[in-house]
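Single-structure report; data block below.
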Amino acid sequence: MGAYDALKERILEYGALGARELQEMDAAREVFAEFKALLNDGSVRAAEKGEGGWRVNAWVKQGILLGMKLGRLEEGRVETGVEGSSFAFIDKDTWPLKSFSLESGVRIVPGGSSVRDGSYLAPSVVMMPPAYVNVGAYVDEGTMIDSHALVGSCAQVGKRVHLSAGVQVGGVLEPVGAVPVIIEDDVMVGGNCGIYEGTIVRERAVIGTGVILNGSTPVYDLARGTVHRRTEDSPLVIPEGAVVVAGSRSLKGAFADEHGLSIYTPVIIKYRDTRTDAATALEDALR
Ligand SMILES: CC(C)(COP(=O)(O)OP(=O)(O)OC[C@H]1O[C@@H](n2cnc3c(N)ncnc32)[C@H](O)[C@@H]1OP(=O)(O)O)[C@@H](O)C(=O)NCCC(=O)NCCS
């Protein structure tokens, strides 16, 4: 029996019930509270790296969906400072915002950021405003989440990753069996990049400014003379240390020729070298 098998069984059992039935069941709320505490402290994760590579924990995603079904809409108000004026937030009561304390060791610079309950930010993570971390996301030590960045639901972000300003890391909650977006240790994601469903970025890769990746994007590897694609059994994998920049390729066919059409395509321009290290070096004092 795995450490969480009993919890997993109960999550699956309750997850099969309808929302109306669940909302009357205190026992389901208790199981959900136990599950959410484990998500919050990083003990359970939507995906984990083992010997055979990344494995999705579909039951964890099912637990998150259970929280959605169980939840009742609740109104929260923030005073604007103007007499008689407040702003309302409305969400499921099972997913409030996450609370932090100094002991959490996370630095969240003030100014419009939110971290949803049921996500994990390791000590030493820094979050610049505004940024958003959604449910089920896991962000490991030393990672910087810069302004206007999104860490979508269930995204798994490694150690010492730099998510630059405007980076969008997509959320993959459904289908429950789908691998969430994974960004491994020491990856640098440049400004305005979008890393969406069906993508794994391996250690030390550098994603140049403005690159968009998803599982349907072929990535042309100029350095190794190959094309990286998603397969039936694997998401798109950006190899370790690859330096990916935004490129284009011409389209074939009479119509494309006539109009000179080309299509956006990410290109691996090279593998990380001392120049790249210098261009992406992080400043300890900012952390
Ligand atoms: C990828 C990046 C790190 C450059 O890496 P690098 O190892 O220093 O790359 P180099 O300068 O050695 O360039 C290698 C080749 O790729 C090209 N190149 C580099 N970056 C490129 C980019 N983003 N787009 C297109 N081509 C690029 C260079 O012109 C060079 O080609 P050439 O040899 O034909 O001239 C940089 O382009 C980048 O995107 N940095 C992220 C910046 C950012 O968003 N910061 C966020 C905080 S502000």
Side-chain angles (χ1 to χ4, degrees), residues 106-113 121 124-133 137 139-152 155-170 181-196 199-214 216-229 236-251 260-287:
V106 174
R107 184 152 69 90
I108 302 180
V109 177
S113 296
L121 300 189
S124 73
V125 165
V126 178
M127 204 170 155
M128 300 303 288
Y132 189 73
V133 178
V139 183
D140 217 335
E141 287 163 22
T143 285
M144 162 75 87
I145 305 170
D146 215 332
S147 299
H148 288 281
L150 163 72
V151 184
Q156 306 290 302
V157 180
K159 295 184 170 58
R160 300 169 300 276
V161 170
H162 189 126
L163 300 180
S164 304
V167 167
Q168 307 293 291
V169 179
V181 176
I182 289 163
I183 301 183
E184 293 188 347
D185 297 350
D186 299 298
V187 167
M188 151 77 183
V189 188
N192 255 16
C193 288
I195 318 285
Y196 298 109
T199 313
I200 296 182
V201 182
R202 289 254 187 261
E203 287 180 26
R204 299 182 69 252
V206 175
I207 313 297
T209 314
V211 168
I212 310 283
L213 299 170
N214 70 41
S216 307
T217 325
V219 177
Y220 289 75
D221 189 333
L222 210 59
R224 294 182 180 167
T226 183
V227 183
H228 303 275
R229 292 180 192 271
L236 169 70
V237 177
I238 302 300
E240 192 173 328
V243 178
V244 188
V245 299
S248 66
R249 65 189 151 97
S250 52
L251 288 172
L261 298 181
S262 62
I263 194 169
Y264 157 75
T265 193
V267 173
I268 298 180
I269 198 90
K270 65 176 184 179
Y271 281 73
R272 204 171 169 131
D273 58 19
T274 49
R275 258 182 86 98
T276 326
D277 289 343
T280 57
L282 300 177
E283 186 54 69
D284 278 348
L286 294 174
R287 269 149 194 90

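Just follow the structure's listing: the first ligand is 1, and inside any ligand the first atom is 1. Heavy atoms only: backbone and side chains are in, while hydrogens, waters and symmetry mates are out. Computed from a predicted structure; not experimentally measured.
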Verify the contact flag for atom 32 (P) of ligand 1, where contact means a protein heavy atom under 4.0 Å away. no
* To do: Assess the side chains of Tyr264 and Arg249: does a donor N or O sit below 3.5 Å from an acceptor N or O?
  => no
* **Nitrogen or oxygen of Lys270 less than 3.5 angstrom from that of ligand 1** => yes
Exercise. Is Met188 in contact with ligand 1, taking contact as a heavy-atom separation below 4.0 Å?
Worked result: yes
query: Counting only non-hydrogen atoms of the protein, does one fall under 4.0 Å from atom 42 (C) of ligand 1?
result: yes
Should Ile207 be counted as touching ligand 1, given the test is an N or O pair under 3.5 Å?
no
For Pro218 and Thr265, the nearest pair of non-hydrogen atoms, with its separation, is O-OG1, 3.5 Å
One finds that the ligand 1 atoms under 4.0 Å from a non-hydrogen atom of Ile269 are 15 (C), 16 (O)
Scanning both residues in full, the closest heavy-atom pair of Pro130 with Gly112 reads CB-O, 3.5 Å
Item to complete: For Ile238 and Leu213, run side-chain contact (heavy atoms from CB on, under 4.5 Å): C-alpha distance rounded to whole Å, both residues' side-chain angles, the deciding distance at 0.1 Å, then the answer.
Response: CA-CA 10 Å; Ile238 302 300; Leu213 299 170; 3.9 Å; yes
- Are Asp186 and Arg160 close enough for a salt bridge, meaning some N to O gap below 4.0 Å? yes
Quick note on ligand 1: atoms under 4.0 Å from a heavy atom of Ala279 include exactly 8 (O)
Ranked by distance from atom 11 (O) of ligand 1, the top protein heavy atom is Arg275 NH2, 3.1 Å
Test item: protein heavy atom less than 4.0 Å from atom 45 (N) of ligand 1
yes
Pair Lys159 + Asp140, salt bridge at N-O below 4.0 Å
yes
ask   = Do you see a protein non-hydrogen atom under 4.0 Å from atom 36 (C) of ligand 1?
value = no
Does atom 48 (S) of ligand 1 have a protein heavy-atom neighbour under 4.0 Å away? no
- Query: Any donor and acceptor pair, going by atom type alone, linking the side chain of Thr280 with main-chain N or O of Val206 inside 3.5 Å?
  - Reply: no
Closest to atom 2 (C) of ligand 1 among protein heavy atoms sits Val206 CG1, 4.6 Å
Are any side-chain N or O atoms of Ser147 and backbone N or O atoms of Pro129, one a donor and one an acceptor, separated by less than 3.5 Å?
yes
With nothing but distance in play, are any N or O atoms of His162 less than 3.5 Å from an N or O of ligand 1? no
When you measure from the side chain of Ser113 to the backbone N and O of Ala131, does any donor-acceptor pair fall under 3.5 Å? yes
Under 4.0 Å from one or more heavy atoms of Gly191, ligand 1 contributes atoms 43 (C), 44 (O), 46 (C)
Quick look: Val245 vs ligand 1, heavy-atom contacts under 4.0 Å, and the answer is side chain
- Query: Under 6.0 Å from the six-membered ring centre of Tyr271 and within 45° of its axis: does the NZ or CZ of Arg204 meet both?
  - Reply: no
*Is the backbone of Val189 close enough, under 3.5 Å, to the side chain of Ser164 for a donor and an acceptor to pair up by distance?*
yes
among protein heavy atoms, the one nearest atom 1 (C) of ligand 1 is Val243 CG1, 3.7 Å
among protein heavy atoms, the one nearest atom 40 (N) of ligand 1 is Thr209 OG1, 4.1 Å
Quick note on ligand 1: atoms under 4.0 Å from a heavy atom of Gly190 include exactly 43 (C), 44 (O)
Check ion pair Arg202-Glu184 (N to O, under 4.0 angstrom): yes
Going by the 4.0 angstrom heavy-atom rule, the piece of Asp146 near ligand 1 is neither
Out of Val244, Asp273, Thr276, Val211, the nearest non-hydrogen contact to atom 7 (O) of ligand 1 is supplied by Thr276
Exercise. Do you see a protein non-hydrogen atom under 4.0 Å from atom 29 (O) of ligand 1?
Worked result: no
Here the pair of heavy atoms bringing Gly191 nearest to Thr209 is O-CG2, 3.3 Å
